[in-house]
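For reference, the structure is listed below as structure tokens.
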Amino acid sequence: MGNPIQKLSDNVSLVANADTWIEGKAIQQLEKTAQLDSIVKAVGMPDLHPGRGYPIGAAFLSRSKIYPALVGNDIGCGMSLWKTDIKLRKVNLDKFEKHLSTIDAPLHEDWKEYIDSRLVEKGLMKTNFDQALGTIGGGNHFAELQQVSDIYDEAVFNALDISKNNLVLLVHSGSRGLGESILRNHVEEFGHQGLDEKSEAFSHYMKRHDDALKFAELNRELIAKRILKRLRGNGELVIDVNHNLVSQFRVSQIQVSQNQVSQNQVFESLDSENGKGWIHRKGATPSDCGIVMIPGSRGDYSYLVKPELNSNSSAECLYSLAHGAGRKWRRSDCKSRLSKRYKKSDLERTGFGSRVICKNKALIYEEAPEAYKSISSVIESMKAANLVTPIARFKPVLTYKTQGGC
DNA sequence: ATGTGC
């Protein structure tokens, strides 16, 4: 199988086993981005795929400059997992689909007081983007009801107190129009150049970036609460982790018990006085925030994994993991590749027998399971690299994309 | 990705 962490060049690594398809264009983007001024290390995750200029499924360490364009427009995009009290035996997909109609619309006035109080608690000002709070958005965003399928580590799983008889809810969304406007305003003034950490522009961007993280977290919370209310269920947040962000890293921040040497090798090019740097995650899940969920396509499993920090690999991989299966096909290719095989109605069911709610015809093809890599190859790559230990996997019951038709 | 671009 070869080394699961391939060294592509001096400061570029790729986590992928032989089974994991990685597109050449994504590698080119990874290597080109690694050449940017102040960037000392780039790592492609097994879900690496091409983006608009910069690859998705990658992490970048810089010394003293940050690159807002590298984080992209969906600042704070992430994954939240909720355990619910909705019993598997109570699942009625037709009823659920009815209950979930119109959740694309802005939240009703009844939510206003709660939203206002949550904004205040998070220190966020009101903006015109608030009407998007509680909505999923487009692209690869979704909300998915899932059931436990397989448990690999009973002790760790049981500690999370997730019942095998109940559904869980996974929400993938971000900061909607807010993050988009932050990046657009930034690019209009500065283009794609990096911002020195001592500059005023840096502080201005980071303040807005941090607000977008909080906004995205609140958005996912409101999406989950809205769905649970519609389904007459209750839920509790288990995990919420962002995978599009830039954050400061200190060498001393993580204790690597056995392999301090390797960590120092990776981070040796940072400022020698304080050992600080910036980790840009573009579709890369942090590995230093505890247990995380890494979903496959709507027709594949989602894996709950425990990141392993006591390995050579975690520093080499910039304390980052894949954020999903990663696209295999370009969006624009999906319809032509699949329309002979499947009608739209075929795509509203998956191999698991789960339901897909997506009234947008282009999107239901673009997000077809065939358009994504196999999640097991992504997980196996990270396992072989000693980055994660799988705890459990879940299978989809109902995937909500959008009611918006066209 | 985006109250979606000419």
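Residue numbers start from 1 in every chain, and the chains themselves are labelled A, B, ... in the order their sequence lines are given, proteins ahead of strands.
A salt bridge links A:Asp211 with A:Lys207: the closest approach of a Lys/Arg side-chain nitrogen to an acidic carboxylate oxygen falls below 4.0 angstrom. Salt bridge status for A:Lys25 with A:Glu31: absent, with no side-chain N to carboxylate O gap under 4.0 Å.
Ring geometry for A:Tyr67 against A:His280 counts as tilted: the plane angle lies between 30° and 60°, on a 0 to 90° scale.
Remark: the backbone N or O of A:Ala322 is paired with a side-chain donor or acceptor of A:Thr285 at under 3.5 angstrom.
Contacts between residues 358-372 of chain A and DNA chain B, defined by a heavy-atom separation below 4.0 Å, involve no residue at all.
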Inset, instruction - Could you give me the CA-CA distance, side-chain angles and deciding distance for A:Gln35 and A:Val12, then say whether side chain to side chain contact (heavy atoms under 4.5 Å, CB included) is met? - result: CA-CA 10 Å; A:Gln35 308 289 318; A:Val12 183; 5.8 Å; no
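Test A:Phe202, A:Phe60, A:Phe249, A:Tyr205 against A:Trp278 for ring-ring contact (aromatic ring centres under 6.0 Å, His included) and you get one pass: A:Phe202.
Ring centroids of A:His243 and A:His172 are separated by less than 6.0 Å, placing the two rings close together.
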Might you list the N or O atoms of the protein lying below 3.5 Å from N or O atoms in nucleotides 2-6 of chain B, with each pair's distance?
{"unit_1": "B:dT2", "atom_1": "OP1", "unit_2": "A:Arg176", "atom_2": "NH1", "d": "3.1"}
{"unit_1": "B:dT2", "atom_1": "OP2", "unit_2": "A:Gly138", "atom_2": "N", "d": "2.6"}
{"unit_1": "B:dT2", "atom_1": "O3'", "unit_2": "A:Arg176", "atom_2": "NH1", "d": "3.3"}
{"unit_1": "B:dG3", "atom_1": "OP1", "unit_2": "A:Gly177", "atom_2": "N", "d": "3.2"}
{"unit_1": "B:dG3", "atom_1": "OP2", "unit_2": "A:Arg176", "atom_2": "NH1", "d": "2.7"}
{"unit_1": "B:dG3", "atom_1": "OP2", "unit_2": "A:Gly177", "atom_2": "N", "d": "3.2"}
{"unit_1": "B:dG3", "atom_1": "N7", "unit_2": "A:Gln131", "atom_2": "NE2", "d": "3.4"}
{"unit_1": "B:dG3", "atom_1": "O6", "unit_2": "A:Asn128", "atom_2": "O", "d": "2.8"}
{"unit_1": "B:dG3", "atom_1": "O6", "unit_2": "A:Gln131", "atom_2": "NE2", "d": "2.2"}

